[in-house]
Amino acid sequence: MLNGWVAPAVGIFIATQAAAAVWWASGTNQQVDNNTTAIEQVIENEKEIAIIQVQQAEIVKDIDEIKFLPEVDE
């Protein structure tokens, strides 16, 4: 009597495991997409920070030049 239930039980077990694997993989894929988006944003932020740093360095140079300009009497 037990032998009649073994094949369906194994089939149900395999189907359940396959469904769980698909569900897990879809969650993993979504997490990869989220991480990719976050990494792209970090790269964009780094580019903007680098531009701002260059601008700041140029401003500091300009300020130093202004400090050392001789005063002009009007």
Side-chain angles (χ1 to χ4, degrees):
M1 180 155 177
L2 184 61
N3 289 339
W5 290 98
V6 171
V10 169
I12 292 170
F13 174 78
I14 291 172
T16 304
Q17 293 301 310
V22 169
W23 173 78
W24 176 83
S26 69
T28 301
N29 188 45
Q30 180 63 39
Q31 189 62 39
V32 167
D33 290 343
N34 292 344
N35 289 345
T36 300
T37 301
I39 290 168
E40 288 170 354
Q41 184 62 51
V42 167
I43 291 169
E44 188 62 34
N45 290 348
E46 287 178 345
K47 289 177 185 177
E48 291 175 10
I49 289 169
I51 291 168
I52 291 170
Q53 286 175 333
V54 169
Q55 290 172 341
Q56 182 183 17
E58 291 301 316
I59 290 170
V60 168
K61 287 179 188 176
D62 291 344
I63 290 173
D64 286 342
E65 287 177 13
I66 292 170
K67 284 181 183 177
F68 295 112
L69 286 178
E71 291 186 22
V72 176
D73 292 333
E74 291 183 25

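All values below were derived from every heavy atom in this structure, side-chain atoms included, with hydrogens, water molecules and symmetry-related copies excluded.
Between the CD1 atom of I63 and the CD atom of Q56 there is a distance of 9.5 Å, given to the nearest 0.5 Å. Expressed to the nearest 0.5 Å, how far CD of E44 lies from CD1 of I49 amounts to 10.5 Å. Atoms CG and CG, on D33 and N29 in that order, are 5.0 Å from each other to the nearest 0.5 Å. Once rounded to the nearest 0.5 Å, the distance linking CD1 of I59 with CD of Q55 reads 6.5 Å.
Residues satisfying the side chain to side chain donor-acceptor pair (under 3.5 Å) test with N34, not counting sequence neighbours, are Q30.
V6 and I14 fall within the same hydrophobic cluster, defined by Ile, Leu, Val, Met, Phe, Trp and Tyr side-chain heavy atoms under 4.5 Å apart, directly or through other members.
Side-chain contact between I51 and E48: absent, with no pair of heavy atoms (C-beta onward) separated by less than 4.5 Å.
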